[in-house]
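A short write-up of the structure that comes next.
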Amino acid sequence: MRPGTERRSVPPTATDTVRLLAIGGSTRGESGSAHALADAVAVARSAGADVTVVSGRDLMLPIYDPASPYRSAGAQDLLAAVRAADALVISSPGYHGTLSGMIKNALDYLEDLRGDRRPYLDGVPVGCIAVAHGWQTAVGTLHTLRTSVHALRGWPSPLGVAINAAAPGSNGQLAETSDKLATMTGQVVEFALASKLMTQRSG
């Protein structure tokens with residue numbers, strides 16, 4: 001992070017800790033989207049968040065079938081993690097101009113949350129990251145991801161991050177990209193913390 005851009009905030013207390021779920025949609029550990037998610041996770045943890053990561057092969061779930069009541073152990077774990085989360089960060093590679101199938105399938109599973117006290121992602125801040133070989137797919141994937149989060153009643157952070165993995169020094173290594181990931185993750189954690197504090201005070 002460049003000097004002068006550090007985020008200054010009061011660390012949360014133990015009872016106010018933000019539970020953040022980080023979801024990644026690539027099975028390649030060295031992928032650009034995996035690097036970007038790892039950077040966001042590091043920022044969230046440094047801000048005091050309790051982070052759970054579901055990515056790679058842990059996100060290789062059966063195709064969502066709304067007509068069947070069966071849910072695999074992995075699907076049940078994902079749904080439990082979403083229910084417990086105060087905030088999310090989702091990082092998707094761009095495949096053929098849009099989200100990876102793993103991310104889309106994971107979002108489809110959130111239909112199972114429609115009858116919850118907090119349906120879908122209602123009121124949940126979500127940081128969106130898209131990584132692709134080229135700006136057109138990176139930006140298009142980010143737009144689709146933000147639109148999906150809106151449809152699930154979530155709150156995409158004001159800043160979303162699109163990364164062109166074909167650019168020299170990409171995969172989260174450029175100072176500008178690192179700054180954007182830090183800013184986006186900070187927005188998500190701060191929004192979630194503010195929401196928790198408001199809920200506690202009103203309760």
Side-chain angles (χ1 to χ4, degrees), residues 16-27 33 37 40-41 44 49-130 140-161 184-185 187-203:
D16 298 331
T17 300
V18 169
R19 294 166 297 183
L20 185 142
L21 173 61
I23 298 176
S26 175
T27 56
S33 62
L37 186 66
V41 165
D50 179 8
V51 181
T52 298
V53 180
V54 179
S55 65
R57 299 195 177 278
D58 289 338
L59 207 65
M60 293 185 68
L61 309 174
I63 294 297
Y64 176 69
D65 181 1
S68 171
Y70 171 76
R71 296 293 177 258
S72 68
Q76 293 179 48
D77 288 345
L78 172 65
L79 292 170
V82 173
R83 285 186 170 109
D86 303 308
L88 275 71
V89 171
I90 304 173
S91 182
S92 178
Y95 289 168
H96 307 293
T98 190
L99 305 175
S100 73
M102 291 171 63
I103 291 293
K104 180 60 173 65
N105 192 44
L107 294 177
D108 287 346
Y109 269 97
L110 301 193
E111 179 62 21
D112 282 7
L113 308 182
R114 65 188 178 279
D116 283 14
R117 182 176 180 182
R118 185 187 75 185
Y120 303 111
L121 296 176
D122 190 38
V124 177
V126 182
C128 300
I129 306 169
T141 299
L142 178 62
H143 175 73
T144 300
L145 182 55
R146 289 172 65 86
T147 299
S148 296
V149 169
H150 268 136
L152 288 164
R153 308 184 192 180
W155 292 81
S157 58
L159 178 64
V161 181
M184 179 210 71
T185 307
Q187 289 174 345
V188 170
V189 172
E190 289 175 10
F191 187 100
L193 179 58
S195 180
K196 283 174 69 72
L197 292 175
M198 288 181 64
T199 300
Q200 290 171 10
R201 288 169 183 169
S202 63

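- Here the closest non-hydrogen pair linking Pro119 and Arg117 is CD-O, 3.3 Å.
- Pairs engaging residues 81-102 under the salt bridge (charged side-chain N to carboxylate O under 4.0 Å, His left out) rule: Arg19-Asp86, Arg83-Asp116, Asp86-Lys196 [sequence neighbours left out].
- Within the model, atoms CD of Glu111 and OH of Tyr120 stand 3.5 Å from one another, a figure rounded to the nearest 0.5 Å.
- Side-chain atoms of Ser195 never come within 3.5 Å of backbone atoms of Phe191 as a donor-acceptor pair (strictly under, hydrogens ignored).
- Minimum interatomic distance between Gly127 and Val188 (heavy atoms only, all atoms of both residues): N-CG2, 3.4 Å.
- Applying the side chain to side chain contact (heavy atoms under 4.5 Å, CB included) test to Ala85 and every residue at least two apart in sequence or in another chain returns Leu21, Leu88.
- Distance check: Leu121 CG to Leu113 CG gives 7.5 Å after rounding to the nearest 0.5 Å.
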Distance-only donor-acceptor pairs under 3.5 Å for side chains of residues 72-80, two or more places apart:
{"from": "Ser72", "atom 1": "OG", "to": "Ala75", "atom 2": "N", "distance (Å)": "3.1"}
{"from": "Gln76", "atom 1": "NE2", "to": "Arg71", "atom 2": "O", "distance (Å)": "2.9"}

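- The CZ atom of Arg114 sits 11.5 Å away from the CZ atom of Arg153 when rounded to the nearest 0.5 Å.
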Practice problem: Would you please test Val126 and Cys128 for side-chain contact (heavy atoms from CB on, under 4.5 Å) and show each step? | Solution: CA-CA 6 Å; Val126 182; Cys128 300; 4.2 Å; yes
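- For Asp108, the salt bridge (charged side-chain N to carboxylate O under 4.0 Å, His left out) partners are Lys104, not counting sequence neighbours.
- Between Val51 and Ala44, the shortest heavy-atom contact is CG2-CB, 3.9 Å.
- With sequence neighbours excluded, the residues that form a side chain to side chain contact (heavy atoms under 4.5 Å, CB included) with Ala130 are Thr141, Leu142.
- Here the straight-line distance linking atom CD1 of Ile23 with atom OG of Ser33 works out to 13.0 Å at 0.5 Å rounding.
- Taken to the nearest 0.5 Å, the OG atom of Ser68 stands 13.0 Å off from the CD1 atom of Ile63.
- Summarising the geometry, atom OG belonging to Ser100 is positioned 9.5 Å from atom CG belonging to Asn105; distances are rounded to the nearest 0.5 Å.
- Pairing each heavy atom of Ser92 with each of Leu99, the nearest pair is OG-CA, 3.6 Å.
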Exercise. Please test Leu145 against Leu107 for side-chain contact (heavy atoms from CB on, under 4.5 Å), starting from the C-alpha separation and ending with a verdict.
Key: CA-CA 10 Å; Leu145 182 55; Leu107 294 177; 4.2 Å; yes
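- Across all non-hydrogen atoms, the minimal contact from Gly24 to Leu59 is O-CD2, 3.2 Å.
- Within the structure, every pair that satisfies the ring pair (Phe, Tyr, Trp, His ring centres under 6.0 Å) test and touches residues 55-111, not counting sequence neighbours, is listed here: Tyr64-Tyr109.
- Put simply, the side chain of Gln187 does not reach to within 4.5 Å of the side chain of Pro125, judged on heavy atoms.
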Practice problem: Starting from the C-alpha separation in whole Å, work towards a yes-or-no answer on side-chain contact (heavy atoms from CB on, under 4.5 Å) for Val89 and Val41. | Solution: CA-CA 8 Å; Val89 171; Val41 165; over 6 Å; no
